[in-house]
Undergrad: 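Encoded as structure tokens, here's the structure I'll be asking about.
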Amino acid sequence: MIKKILVTGSSGQIGSELVMALRTIYGGENVIASDKCDNASKKIKSSGPFEKLDVLNYNEIDQIIDKHQVDAIVHLAAILSAVGEKNPMLAWNVNINGLINVLELAREKKLLRVLIPSSIAAFGPTTPVENTPQKTILKPTTMYGVTKVAGELLADYYVSKYGIDVRGLRYPGIISNETMPGGGTTDYAVAIYYEAVKSGKYECFLSENTNLPMMYMPDCLKATLDLFHADYTKLKNHSDFNVAAFSVTPKLMAESIKKYMPEFEITYKPDFRQAIADSWPNSIDDSCARAEWGWQPAFDLDSMTQDMLKVISEKHKQGLI
Ligand code: NAD
Ligand code: AKB
């Protein structure tokens, strides 16, 4: 039975919320948050252990596993697509060498489980764009995508070669209101809500009809926890589950915001991230996740918009943003 979980990259957009969700289930002391930067929120630091940990340092991870008697790792430390295109060697180094450190330690220490997210960035311009199947062409054109495909293959290798329980899911763009995203192509879908509340207008770095798969954070947490707790014997796939909630363009997202804030205005000024977005699918077939571990999203675009605007408006009123 899993008792102690180490989360790498836990100060990021997903980690900052996933650590709190895991602590609710496993207890604060039993979920060790960690990040290269010593910048965890007060909430994270006061509800359980936090370790400053660079995933490129094998010995440091080794020591922290021993110190806390860790038996599972959720590996979130990564460089995302836009930052990765500006600095491809950094993306390769963190996403590949950090990952293999985690997998090797899982093998050496016989850890019970490792969860590693992949991304829709594993797909590329030659992948079918609509209802992209789980098993399909994986020829990404970004360094981030290259590391995600290699990561899925490495993770599956550790499953078949060493019998380690490694699981992973291809997140779409994740939209949330607690921690700002860390430098991806789908980041506009968070910034648009903050700017709507703060100034009533937003200049989008993707063009109006760029259609991408997205998911609200409560569904991302649910998908991650559902896969983490799924019955291993029922999994036919391991490291590459497609998961979907809804697909949206900047124009449709702006229309959804206008339902609640009629004065909201959007303009478009595409930059280098447009080419990255154009290489990703429009929509995802997640039937394997639904069949193998019961995946089902709860939020659609409008229910997410309502919640995002409510939470961010409250933060704005309190002077927090
Ligand atoms: P993020 O950029 O918000 O956070 C990543 C964290 O990793 C940061 O806090 C950063 O300080 C840390 N980090 C970077 N280099 C490190 C190192 N060498 N050692 C330790 N920590 C390091 O990312 P996120 O959005 O929380 O993503 C988590 C995972 O989910 C990643 O694998 C990412 O590829 C994947 N993913 C995210 C999204 C999304 O929309 N957020 C979508 C698809 C996949
Ligand atoms: C990014 O845009 O890089 C991420 C992702 C979809 O992997 N949000």
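Because only heavy atoms are used, hydrogens play no part in the values below, and waters and symmetry mates are left out as well, while side chains stay in. Atoms within each ligand, like the ligands themselves, are counted from 1 in listed order. Model, not experiment: these values are computed from the prediction. Residues: numbered from 1 along the sequence shown.
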Undergrad: Hey, does the side chain of W295 reach the backbone of A244 with a donor-acceptor pair shorter than 3.5 angstrom?
TA: yes
Undergrad: Salt-bridged, R170 to D286, with N to O below 4.0 Å?
TA: no
Undergrad: For the residue pair N39 / S11, report whether a side-chain donor-acceptor contact shorter than 3.5 Å exists.
TA: yes
Undergrad: For each nitrogen or oxygen atom of ligand 1, which protein N/O atoms lie closer than 3.5 Å, and how far apart are they, rounded to 0.1 Å?
TA:
{"from": "ligand 1", "atom 1": "3 (O)", "to": "Q13", "atom 2": "N", "distance (Å)": "2.8"}
{"from": "ligand 1", "atom 1": "9 (O)", "to": "G12", "atom 2": "N", "distance (Å)": "3.3"}
{"from": "ligand 1", "atom 1": "9 (O)", "to": "D35", "atom 2": "OD2", "distance (Å)": "2.7"}
{"from": "ligand 1", "atom 1": "11 (O)", "to": "D35", "atom 2": "OD1", "distance (Å)": "2.6"}
{"from": "ligand 1", "atom 1": "18 (N)", "to": "D54", "atom 2": "OD1", "distance (Å)": "2.9"}
{"from": "ligand 1", "atom 1": "19 (N)", "to": "V55", "atom 2": "N", "distance (Å)": "2.9"}
{"from": "ligand 1", "atom 1": "21 (N)", "to": "K36", "atom 2": "N", "distance (Å)": "3.3"}
{"from": "ligand 1", "atom 1": "26 (O)", "to": "Q13", "atom 2": "N", "distance (Å)": "3.3"}
{"from": "ligand 1", "atom 1": "26 (O)", "to": "I14", "atom 2": "N", "distance (Å)": "2.9"}
{"from": "ligand 1", "atom 1": "32 (O)", "to": "K148", "atom 2": "NZ", "distance (Å)": "2.9"}
{"from": "ligand 1", "atom 1": "34 (O)", "to": "Y144", "atom 2": "OH", "distance (Å)": "2.5"}
{"from": "ligand 1", "atom 1": "34 (O)", "to": "K148", "atom 2": "NZ", "distance (Å)": "2.9"}
{"from": "ligand 1", "atom 1": "40 (O)", "to": "I174", "atom 2": "N", "distance (Å)": "2.8"}
{"from": "ligand 1", "atom 1": "41 (N)", "to": "Q13", "atom 2": "OE1", "distance (Å)": "2.9"}

Undergrad: If you take the centroid of each ring, where Trp contributes its six-membered ring, are H316 and Y194 closer together than 6.0 Å?
TA: no
Undergrad: Residues two or more places apart in sequence or in another chain: which of them pass side-chain hydrogen bond (donor to acceptor under 3.5 Å, both in side chains) with R167?
TA: D165
Undergrad: Between the side chains of K258 and E255, is the shortest nitrogen-to-carboxylate-oxygen separation below 4.0 Å, so that they form an ion pair?
TA: no
Undergrad: Using only atom types and a distance under 3.5 Å, with no angle test, would you say the side chain of N242 pairs donor to acceptor with the backbone of D285?
TA: yes
Undergrad: Less than 4.0 angstrom from a charged side-chain N to a carboxylate O is my criterion; do D38 and K45 meet it?
TA: yes
Undergrad: Can you run down the ring-ring contact (aromatic ring centres under 6.0 Å, His included) pairs that involve residues 129-176, sequence neighbours left out, and say none if there aren't any?
TA: Y158-Y162
Undergrad: Collect the protein residues that have a non-hydrogen atom under 4.0 Å from ligand 2 and hand them over in chain and number order.
TA: L80, S81, S119, I120, Y144, G184, T185, T186, W280
